[in-house]
Participant: 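Pasting a structure below so you can have a look.
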Amino acid sequence: MQLYAIGKRVINNTRMKSINNKLEQIIRPTRVNYINLYAAQRAYLPSFTEHALQVKSFDGTVLECLYLEHKDNASGSHAATIVYSHSHGSCKYEAANLIRHCAEFGYDLCLYDSRACGKSGDTAIYFGFKEHLDLLFVLFKLVIAFNRKGFVLWGRSIGCNAVLQLYNALYTNESAYLNKNPKLLASARTSPLKRSGTGISSSSKRDVKYPQMHNKLIEEHLDTFLMHNEKKIYGFTDVTFEFTLYAVVLDSPYTSFMTFLKDNMSKLAGFMTSLVSTPLSHYLKSFYNKKLGIDLETCQNIDLLRSMNVNALFLISDADDMIPYRAYTDMINVYGTSFRPRHEPRVYNTKQRHGAIRADTLISNCLLQIITSMKPGNSIKFAHKSRTSMEFQQLTESKSFMAPRNIFGYQNEPKLNVGKANRLDDRLNEAHNENKFDDQGLRKVKSVYFAPHQSVKSTRLIDPFPYASFKFIGAKESQVGKF
């Protein structure tokens, strides 16, 4: 029998395979489709124009999105669009209970399946390392195709990784930051010793100037987005891309994924408590680095929160079964500490378990808080303009660009209320089909997840899709997602 050692613990081959399989399931979760949660909101859907979108991300991964455009906002005069990043092993319909309140308060709502979840592409999740760029590409689509200019980014649990990493990547690549940072480093030099000409404090580095409307992250990915998603304007003219981030909602964030794993290994992978140690940290880091090529000890949420300089609303819980309350208080205490005076975050104690479906009153209070209490001065604007182009400025200001079907056209974006299997009833009926196969024609869907606490006539409310395996959750369960 082959034995493995982790620290002072010796584990046999069978046990090690079981542990590795469970660690593998964390990055390759079972795909789900909570379409019955969406069906339960049918009374509020007439307030919106529904757009089914496919957004091809930076690496070609296709993201399935649903954009609900409030009919009162068709002219583009609304305050903000909420973009929701769901929790681990969930799907875009996790946020269906926001629809009612967005209809009431006049918000647009964009839901999307994260990579390797729902109907989106890829076979593994990356803990925000790729997902933050996926979120950027969703924003590209909303800004360029729908002329949306203001956003609230809402992340749930692991979805907070994408929100925080995107904010950090945008902020540290903005022209104001790029121009200011070398000067700060240069002025901090106190040593009389000569520095190398390649140092950050050299005159060549100090004199670098970026234009006001410049963001290196946007510059790096905008052409790729246009080539993949807006071929009719790719290479046609220069593009000005800008939007305002009004606030972020961080629902059940964790300090770092390594800490989260170590705190929950007995639940997630069957590790004994005595294994939660430095050797275990090395094993986990090595395992995911080998599988995904990423370092889980970088881009930790608690570190990214220090440099967050935008309105924030935290949803935490003293009844959370996955994240200790002290971890929540640590994150709230470090939020914005890199700035003086720092912005004070808004905090709600949900008093619910980690994956619990959020109550209607809580969601209503969150949206009301965003509208009434968030300071406009605490929002932040990101902008990039490749080259001066009056032609494009005039084009984007025209009525044709503002219209729901503008001259650029939408690629793979049928409206949900038009055509076969686009209306909600048609999609629900199609989901009952038991004879569908995946792309290789190898596997039928036999059992599925469905979201709890909803009265449905059948448990088969789902469309099969590639590389999916499904599992049934009892109707009495009270949560969506794993973490």
Participant: Which residue, Tyr126, Phe127, Tyr283, forms the ring pair (Phe, Tyr, Trp, His ring centres under 6.0 Å) with Tyr288?
Facilitator: Phe127
Participant: Could you go through Glu297 and Lys285, starting from their C-alpha distance and side-chain angles, then the distance that decides it, and tell me whether this counts as salt bridge (charged side-chain N to carboxylate O under 4.0 Å, His left out)?
Facilitator: CA-CA 8 Å; Glu297 292 186 342; Lys285 180 179 178 180; 3.2 Å; yes
Participant: Measure the shortest side-chain to side-chain distance between Thr123 and Arg28 over non-hydrogen atoms and say whether it is less than 4.5 angstrom.
Facilitator: yes
Participant: Enter the distance from Ile363:CD1 to Glu104:CD here, rounded to the nearest 0.5 Å.
Facilitator: 11.5 Å
Participant: Would a distance-only check, ignoring hydrogens and angles, find a side-chain to backbone donor-acceptor pair under 3.5 Å from Arg353 to Asp320?
Facilitator: no
Participant: Nearest 0.5 Å, what's the CZ-CD1 distance between Phe287 and Ile27?
Facilitator: 6.0 Å
Participant: Which distance, rounded to the nearest 0.5 Å, do you find between the SG of Cys117 and the CG of Asn33?
Facilitator: 11.5 Å
Participant: Checking the side chain of Asn179 only, and the main-chain atoms of Tyr210 only, is there a donor and an acceptor separated by less than 3.5 Å?
Facilitator: yes
Participant: Output yes when Asp113 and Lys119 qualify as a salt bridge under the 4.0 Å nitrogen-oxygen rule, no when they do not.
Facilitator: no
Participant: Looking at Leu164, is its backbone amide N or carbonyl O close enough to the side chain of Asn168 to form a donor-acceptor pair, meaning the two atoms are under 3.5 Å apart?
Facilitator: no
Participant: Hey, would you say the His51 and Phe146 ring centroids sit under 6.0 Å apart?
Facilitator: yes
Participant: What is the distance from atom CD of Glu64 to atom SG of Cys91, rounded to the nearest 0.5 Å?
Facilitator: 11.5 Å
Participant: Does a side-chain heavy-atom distance below 4.5 Å link Leu367 with Ile82?
Facilitator: yes
Participant: Check Ser379 against Val310 and note the closest heavy-atom contact, atom names and distance.
Facilitator: CA-CG2, 4.1 Å
Participant: Quick one: does Leu153's side chain get under 4.5 Å of Leu135's, heavy atoms only?
Facilitator: yes
Participant: Step by step, work out the side-chain contact (heavy atoms from CB on, under 4.5 Å) result for Asn349 and Ser317.
Facilitator: CA-CA 5 Å; Asn349 186 343; Ser317 175; 4.2 Å; yes
Participant: If you compare all heavy atoms of Ala124 against all heavy atoms of Leu292, which two are closest, and at what distance to 0.1 Å?
Facilitator: CB-CD2, 3.8 Å
Participant: Hey, does the side chain of Ser90 reach the backbone of Ser87 with a donor-acceptor pair shorter than 3.5 angstrom?
Facilitator: no
Participant: Counting only N and O atoms by type, is there a donor-acceptor contact under 3.5 Å from the side chain of Glu131 to the main-chain atoms of Gly128?
Facilitator: yes
Participant: Do Phe314 and Tyr328 make the cut of ring centroids closer than 6.0 angstrom?
Facilitator: no
Participant: Classify the ring geometry between Phe225 and Phe140 as parallel (under 30°), tilted (30 to 60°) or perpendicular (over 60°).
Facilitator: tilted
Participant: Between the side chain of Thr372 and the main-chain N/O of Leu368, is any donor-acceptor distance below 3.5 Å?
Facilitator: yes
Participant: Counting N and O atoms only, with roles assigned by atom type, does the side chain of Thr81 sit under 3.5 Å from a partner on the main chain of Asp108, one being a donor and the other an acceptor?
Facilitator: no
Participant: Counting C-beta onward and ignoring hydrogens, is there a side-chain heavy-atom pair between Ile26 and His88 closer than 4.5 Å?
Facilitator: yes
Participant: So how far is it from Lys216 NZ to Glu174 CD, rounded to the nearest 0.5 Å?
Facilitator: 12.5 Å
Participant: Using only atom types and a distance under 3.5 Å, with no angle test, would you say the side chain of His86 pairs donor to acceptor with the backbone of Tyr93?
Facilitator: no
Participant: Considering residues at least two apart in sequence or located in another chain, which fulfil the ring pair (Phe, Tyr, Trp, His ring centres under 6.0 Å) criterion with Phe243?
Facilitator: Phe151, Phe241, Phe382
Participant: Which atom pair, heavy atoms only, marks the closest approach of Met213 to Thr240?
Facilitator: CE-CG2, 3.6 Å
Participant: Looking only at atom types and distance, does a side-chain atom of Ser157 sit under 3.5 Å from a main-chain N or O of Pro253, one as donor and one as acceptor?
Facilitator: no
Participant: At their closest point, which heavy atom of Cys366 faces which heavy atom of Leu315, and how far apart are they?
Facilitator: SG-CD2, 3.6 Å
Participant: Run the side-chain contact (heavy atoms from CB on, under 4.5 Å) test on Glu242 and His384 for me, step by step, so that the C-alpha distance in whole Å, both residues' side-chain angles and the decisive distance to 0.1 Å come before the verdict.
Facilitator: CA-CA 6 Å; Glu242 59 183 316; His384 178 76; over 6 Å; no
Participant: Should Ile302 and Thr259 be marked as a side-chain contact (heavy atoms from CB on, under 4.5 Å) after you check the CA-CA gap, both sets of side-chain angles, and the distance that decides it?
Facilitator: CA-CA 11 Å; Ile302 194 166; Thr259 301; over 6 Å; no
Participant: With a 4.5 Å heavy-atom cut-off, do Thr49 and Tyr67 have their side chains touching?
Facilitator: no
Participant: Just checking, any donor-acceptor pair under 3.5 angstrom between side chains of Tyr348 and Arg358?
Facilitator: no
Participant: Which value, rounded to the nearest 0.5 Å, describes the distance between Glu219 atom CD and Leu217 atom CG?
Facilitator: 10.0 Å
Participant: For a quick test of reading the model, state the closest non-hydrogen atom pair linking Arg148 to Val143 and the distance between them.
Facilitator: O-CG2, 3.2 Å
Participant: Would you please test Asn161 and His132 for side-chain contact (heavy atoms from CB on, under 4.5 Å) and show each step?
Facilitator: CA-CA 7 Å; Asn161 293 24; His132 79 281; over 6 Å; no
Participant: Indicate yes or no: at least one non-hydrogen side-chain atom of Tyr107 is less than 4.5 angstrom from one of Leu68.
Facilitator: no
Participant: Is there a side-chain contact between Asp134 and Ser114 in this structure, where contact means two heavy atoms from C-beta onward sitting under 4.5 Å apart?
Facilitator: no
Participant: For Ser85 and Tyr112, test the side chains for any donor-to-acceptor distance below 3.5 angstrom and give the result as yes or no.
Facilitator: yes
Participant: Mark yes when over 12 heavy atoms from residues, nucleotides or ligands other than Gln212 sit less than 6.0 Å from its CD; otherwise mark no.
Facilitator: no
Participant: Measure the shortest side-chain to side-chain distance between Leu305 and Leu250 over non-hydrogen atoms and say whether it is less than 4.5 angstrom.
Facilitator: yes
Participant: Checking the side chain of Asp321 only, and the main-chain atoms of His354 only, is there a donor and an acceptor separated by less than 3.5 Å?
Facilitator: yes
Participant: Does this structure show an ion pair linking Glu230 with Lys141, if we count only N-O contacts that are shorter than 4.0 Å?
Facilitator: yes
Participant: For residues Phe257 and Gln300, report the shortest heavy-atom separation together with the two atoms involved.
Facilitator: N-OE1, 3.4 Å
Participant: Is it true that Glu24 and Lys291 have a side-chain N and a carboxylate O under 4.0 angstrom from each other?
Facilitator: yes
